[in-house]
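The block underneath contains the structure these notes are about, expressed in structure tokens.
The analysis underlying the following values was restricted to heavy atoms, covering all of them including side chains, and did not include hydrogens, waters or symmetry mates. Chain naming here is simple, since letters A, B, ... match the order of the sequence lines and numbering starts at 1 in each.
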Protein chains: 2
Amino acid sequence: MRDVTEVGDEKMAEKTRERGRPRGFDANAALDRAVEVFWRRGYEGASLSDLTEAMGINRPSLYAAYGNKEELFRRAVARYAEADMAYAREALAEPTAYQVIARFLRANADALTRTDRPPGCLSIQGGLSDGSDGGSVAQFLAASRLAGERALAERLVRAVDEGDLPTGTDPVALARYVMVVSEGNAVHAAAGADRAGLHATVDIALRAVPGNPQGAG
Amino acid sequence: MRDVTEVGDEKMAEKTRERGRPRGFDANAALDRAVEVFWRRGYEGASLSDLTEAMGINRPSLYAAYGNKEELFRRAVARYAEADMAYAREALAEPTAYQVIARFLRANADALTRTDRPPGCLSIQGGLSDGSDGGSVAQFLAASRLAGERALAERLVRAVDEGDLPTGTDPVALARYVMVVSEGNAVHAAAGADRAGLHATVDIALRAVPGNPQGAG
DNA sequence: CTATTTCTGTATCGATCGGTACGCAATAGG
DNA sequence: CCTATTGCGTACCGATCGATACAGAAATAG
């Protein structure tokens, strides 16, 4: 049993001085490289050779630092959620439901087409189908996406309470709709759609959201 | 060089009597099994052992009949498009743009959640990311989806010409929006969303479509 | 029948997969 | 210095990957 919980514990890194040979690479920087590989090639499509080459480390170093491929993937997804999905949490802070949704979908369209990042989004590119592992990765990613959907739903519940959304609005259904647009755009972005096209889709999608400037819903 | 074009040539099967030992399996029935395997596991996740077991044939028979794994996959996608996507072509025959879109999204939601089929849709489950092959499968599937999007766009162009959609409506953008909803729903269906949830999303999505009963757009 | 053609089944190919054993290098405590 | 501990690098593991060689079986043509 190896202890692999020290990645990301940089708070105590100064205090507890470890014995033995120090690690010759930055575990968090290497994880960022792993994120890119998984993002581009998916979980199954990313081989350990791809990963170690991109991360600049050897195979045993990878296993010592992260456990195994699936553990590395889960850490990569966690880091992705923290770094590359920060816009989603920021969007939830907008004052009205419409502003929350509009900001989320706009920022999402931008994030899906960043030129310094792989196209699309890791939680979809990572893998949708039951691979050779029996779907544990696909389920993990689905749960990760669902968590975001739930967070949005809770924000929309609050919006209903505050009278921000019309009475009778189903916040859960609306949240699911927003995520569907987001995920559909992610599929398009992965296929090479440009940023303007994604925003054109958001233009239309927002017409279905109560509180939009055109007054629909 | 083997001739692999005889699959699906059942029209001439009676006329041209081949020499040699006859094939011991139904090539089209076996292809249907292959569709299911690719649908559930994706292109990369489907091993030849998975395929031959489901198809009830041996490896050399598979290669003799279909060429190789990628050829088999392309044939499977073609068969899927013909059989499982028939509803999309039928939807295009509806008289108005709104009816076309509504029927498509409704039938799509049903197709994504058929209990006698894998959840989701093959053209997305097949694979989105650049696998070990360099993305040729992902590009093929993206092109396949884009073909459907273009067919819908052309139908909506006609709708604009016929005054069926408001002047100034962008039929290409609207078609892309509809496909985004469809693909987002496919992602949700693959994650286990039920039919009612998908239709609830369609309920909202349709509000953004010009000509809907609520009069938005 | 023989000759020819084509399909089937076994057994296997080299390559790559995820994952490790093991010896050496580099640090800390003594 | 010596010992303990840990990371690094090579070289390798068994399993599985997609793809085939080959021989025998099953059909037609003559």
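- Proximity of A/S61 to the phosphate of D/dC8: a side-chain N or O atom is located under 4.0 Å from OP1 or OP2.
- Summarising the geometry, the separation between CG on A/N58 and C1' on D/dG9 is reported as 5 Å, rounded to the nearest angstrom.
- Helix-axis bend for the helix from C/dC1-D/dG30 to C/dG30-D/dC1: the local axis fitted to the five terminal pairs at one end deviates from that at the other end by 0°, rounded to 10°.
- Applying the side-chain contact (heavy atoms from CB on, under 4.5 Å) test to A/D194 and every residue at least two apart in sequence or in another chain returns A/A196.
- The nearest whole Å value for the distance from the CZ atom in A/R23 to the C1' atom in C/dA28 is 17 Å.
- Taking the ring pair (Phe, Tyr, Trp, His ring centres under 6.0 Å) definition, one finds that A/Y98 meets it with nothing, sequence neighbours left out.
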Counting only pairs under 3.5 Å, give me each side-chain donor-acceptor contact of residues 99-108 of chain A, with atom names and distances, residues two or more places apart or in other chains.
{"from": "A/Q99", "atom 1": "OE1", "to": "A/T96", "atom 2": "OG1", "distance (Å)": "3.0"}
{"from": "A/R103", "atom 1": "NH1", "to": "A/E94", "atom 2": "OE2", "distance (Å)": "2.6"}
{"from": "A/R103", "atom 1": "NH2", "to": "A/E90", "atom 2": "OE1", "distance (Å)": "3.2"}
{"from": "A/R106", "atom 1": "NH1", "to": "A/H199", "atom 2": "O", "distance (Å)": "3.2"}
{"from": "A/R106", "atom 1": "NH1", "to": "A/H199", "atom 2": "ND1", "distance (Å)": "3.1"}
{"from": "A/R106", "atom 1": "NH1", "to": "A/D203", "atom 2": "OD1", "distance (Å)": "3.1"}
{"from": "A/R106", "atom 1": "NH2", "to": "A/D203", "atom 2": "OD1", "distance (Å)": "2.5"}
{"from": "A/N108", "atom 1": "OD1", "to": "A/S182", "atom 2": "OG", "distance (Å)": "3.3"}
{"from": "A/N108", "atom 1": "ND2", "to": "A/Y87", "atom 2": "OH", "distance (Å)": "2.8"}

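- For residues 49-62 of chain B, the set of pairs meeting the salt bridge (charged side-chain N to carboxylate O under 4.0 Å, His left out) definition, not counting sequence neighbours, comprises B/R41-B/D50.
- The distance between atom CD1 of A/I57 and atom P of C/dA25, rounded to the nearest whole Å, is 21 Å.
- Atom CZ in B/F25 sits about 15 Å away from atom P in D/dA27, given to the nearest Å.
- The salt bridge (charged side-chain N to carboxylate O under 4.0 Å, His left out) analysis of residues 26-37 of chain A, with sequence neighbours excluded, yields the pairs A/D32-A/R79, A/E36-A/R40, A/E36-A/R117.
- Between A/M55 atom CE and D/dC8 atom C1' there is a gap of 15 Å when expressed in whole angstrom units.
- A donor-acceptor pair is defined here as one N or O able to donate and one able to accept, closer than 3.5 Å; such a pair exists between the side chain of B/Y66 and the backbone of B/A27.
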Output one letter per nucleotide in nucleotides 15-20 of chain C: B when a protein non-hydrogen atom lies under 4.0 Å from the base, S when only the sugar-phosphate is that close, - when neither is. --SBBB

Polar atoms only, N or O, under 3.5 Å: list the protein pairs with nucleotides 24-26 of chain D and their distances.
{"from": "D/dA25", "atom 1": "N3", "to": "B/R21", "atom 2": "NH1", "distance (Å)": "3.2"}
{"from": "D/dA26", "atom 1": "O4'", "to": "B/R21", "atom 2": "NE", "distance (Å)": "3.4"}

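- A side-chain donor-acceptor contact under 3.5 Å links B/N68 to the backbone of B/E70.
- Pairs engaging residues 149-159 of chain A under the salt bridge (charged side-chain N to carboxylate O under 4.0 Å, His left out) rule: A/R158-A/E162 [sequence neighbours left out].
- Scanning for ring pair (Phe, Tyr, Trp, His ring centres under 6.0 Å) contacts around B/F140 gives an empty result, with sequence neighbours left out.
- By the ring pair (Phe, Tyr, Trp, His ring centres under 6.0 Å) test, B/Y177 is found to be paired with no residue, residues two or more places apart in sequence or in another chain being considered.
- The side-chain contact (heavy atoms from CB on, under 4.5 Å) test applied to B/S144 returns B/V77, not counting sequence neighbours.
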